[in-house]
Amino acid sequence: MFQRHLETLPREIIEKVQLERLKRTIRRIKERNRIYWEKIGKVVPEDVKSLDDLKRLPFLTKDDLRKGYPFGFACGEQKDFVRFHMSSGTTGTPVVNPYTSADVDQWGEIMARCLAAAGLTFSDVLQITPSFGLFNGGFGFHYGAEKIGCFVVPIGPGRTLLQLKFFKDFNTTALAGIASYPLRIIEVAKEEGFDFSETSLKVGIFGAEVWSEEMRRYIEKEMGIEAFDIIGMTETGGVGLGIECNYHNGIHVWEDHYIVEIIDPETGYVLPDGEEGEMVVTTLTREGLPLIRYRTRDITRIVSRERCECGRTHLKVARIKGRTDDMLKVKGVCFYPRQVEEIVMKYPEILPDYQIIIGKVEGKDTIKLIIESEKQDEYLKERIEEEIYSTLGLHIKVTLKKKGEIPRAPGKAVRVKKEI
Ligand SMILES: [Zn+2]
C-alpha cells in the first residue's frame, strides 16, 4: 500500500474525517463562490451535524457545470490555479476543472494509492498511453508514478507499433490506458507476430470506458497480464477516484477524499447498500472545483463497507455497468451496451470490436449488431441472435464482418451508432 495507515483506517475514523472535511468543503464554497453557495441552499458548516445531513443538500449535475463554463463553479480566481483539465465535450459545452497546486498533489496521492493497489512499486516501468493534455488520463498516471518512483514511459496514445517496440526496449512491466486501447495493441501485435511472452508486462490498468468481465479475460489471456479497472473523471479531479485491489471483487473508493452515495436516478432517493443506481460523488479535499453531491450518471452499487481481504477499509463499488445516458431502449427493451458485449465476448471466434446500430424504419425501431470474425459462419450468427434474445428479450439482427471492417475510432471506442 502507498499509505497503509490511511488506507486501513477504521470506519468510525473514516466517517469522522469525512464529516470534518465536508464542513471544510462547504466553508470553502461559502467563502469563495457566492453563486455556488446559493446553489447548495446557503448551507453553513454548522448545519451539518452528521454525514446523514448530506442527503438534504441538492444535487449538482453535469449541465450545471457546463453552464458555468469556464470558471462558474470554481472556488478561487484564475491566479489561485495552476492548470485545468477538461472533459472531452463531444456532446456539448465541456466541463473545466481548475486545479490548485494542492489539487495536483491530492491527485498524485490518490493515483499513487491506485498504482500501489495494482501492485506497482519503484522498480516497475509504467507505459502511459492516455494522452497528456486536456484529457486528465496521462497526467494522472504520471503524477502517481512520480510519487511511487517508478520509471515512466510517457508515450501517450496511438503509434501502436512504437508501443510494442517500447514494451521490449524499456522492459515495460505495466500498461495504463483507455479500456479499448489494449484491443488495438493486441490486434497489431497479432499482425506483426509480436509475442507478449517475450516482454516483462504483468499488469494493465484500464478505465475511462465501460468494459465487461469478458473483455477483461480476453485482454488478460492475450497479453498475459492481470488487468485492473480504475475509475475517475474530470469533474472529480481526474482518474484515481478508485481502483480494484488484487482480489478484484469491487473498486475501492478513497473515502478520506470522496463520499459516494448511490441514488435512484428517477426519484433522487439514496438507495440501501447493494442496490443498483446512479453514483453521486462529494469531494472532500478538492479546492479548485469542490463537488457537493455530483451526479456522475455512472450506474453501480455499493458492494461492501467491510474491511477487504487486502486489508483496505475503504468501501467498494461494483464495476460500472453503464451510464444513465448510455441506456438504450429499443422495441420496448431497456439494456446497456455492456450486456451485449458480455454475450458476444463469450464466443472465442468473435473478435472484440463490435458496433450496435440503432435506427427507425416506418416508425419502428430497428437494431443491428455488427461483429467481426475470422470465419463467416451462419450458424454462429444464429446462436448469438438466440442468446441475446433469451438473455435480454431483444430480437437483434447480427451481421458478421471480416476482421478490420468495423471502423476503429481514435480515442474512445464508438460502440453505439444511432441512425435516426
Ligand atoms: Zn481490497
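Counting convention: from 1, in listed order, for ligands and their atoms alike. Note that the numbering runs from 1 along the sequence shown for the chain. Here the structure is a predicted model, which means the values were calculated and not measured.
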task: Taking only Lys NZ, Arg NE, NH1 and NH2, and the carboxylate oxygens of Asp or Glu, determine whether Arg184 and Asp353 approach each other closer than 4.0 Å.
output: yes
query: Does a side-chain N-to-carboxylate-O contact under 4.0 Å join Lys168 and Glu198?
result: yes
Does the Lys NZ or Arg CZ of [X] fall within the cation-pi geometry relative to [Y] - under 6.0 Å from the ring centre and within 45° of the axis?
X	Y	result
Arg113	Trp254	yes
Arg323	Tyr336	no
Arg21	Tyr258	no

query: Can any side-chain N or O of Arg27 pair as donor or acceptor with the backbone N or O of Val44 at less than 3.5 Å?
result: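 Looks like no, no N/O pair under 3.5 Å.
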message: Under 2.8 Å from the Zn ion (ligand 1), which protein N, O or S atoms do you find? Ignore water molecules.
response: Cys245 SG, His252 NE2, Cys308 SG, Cys310 SG
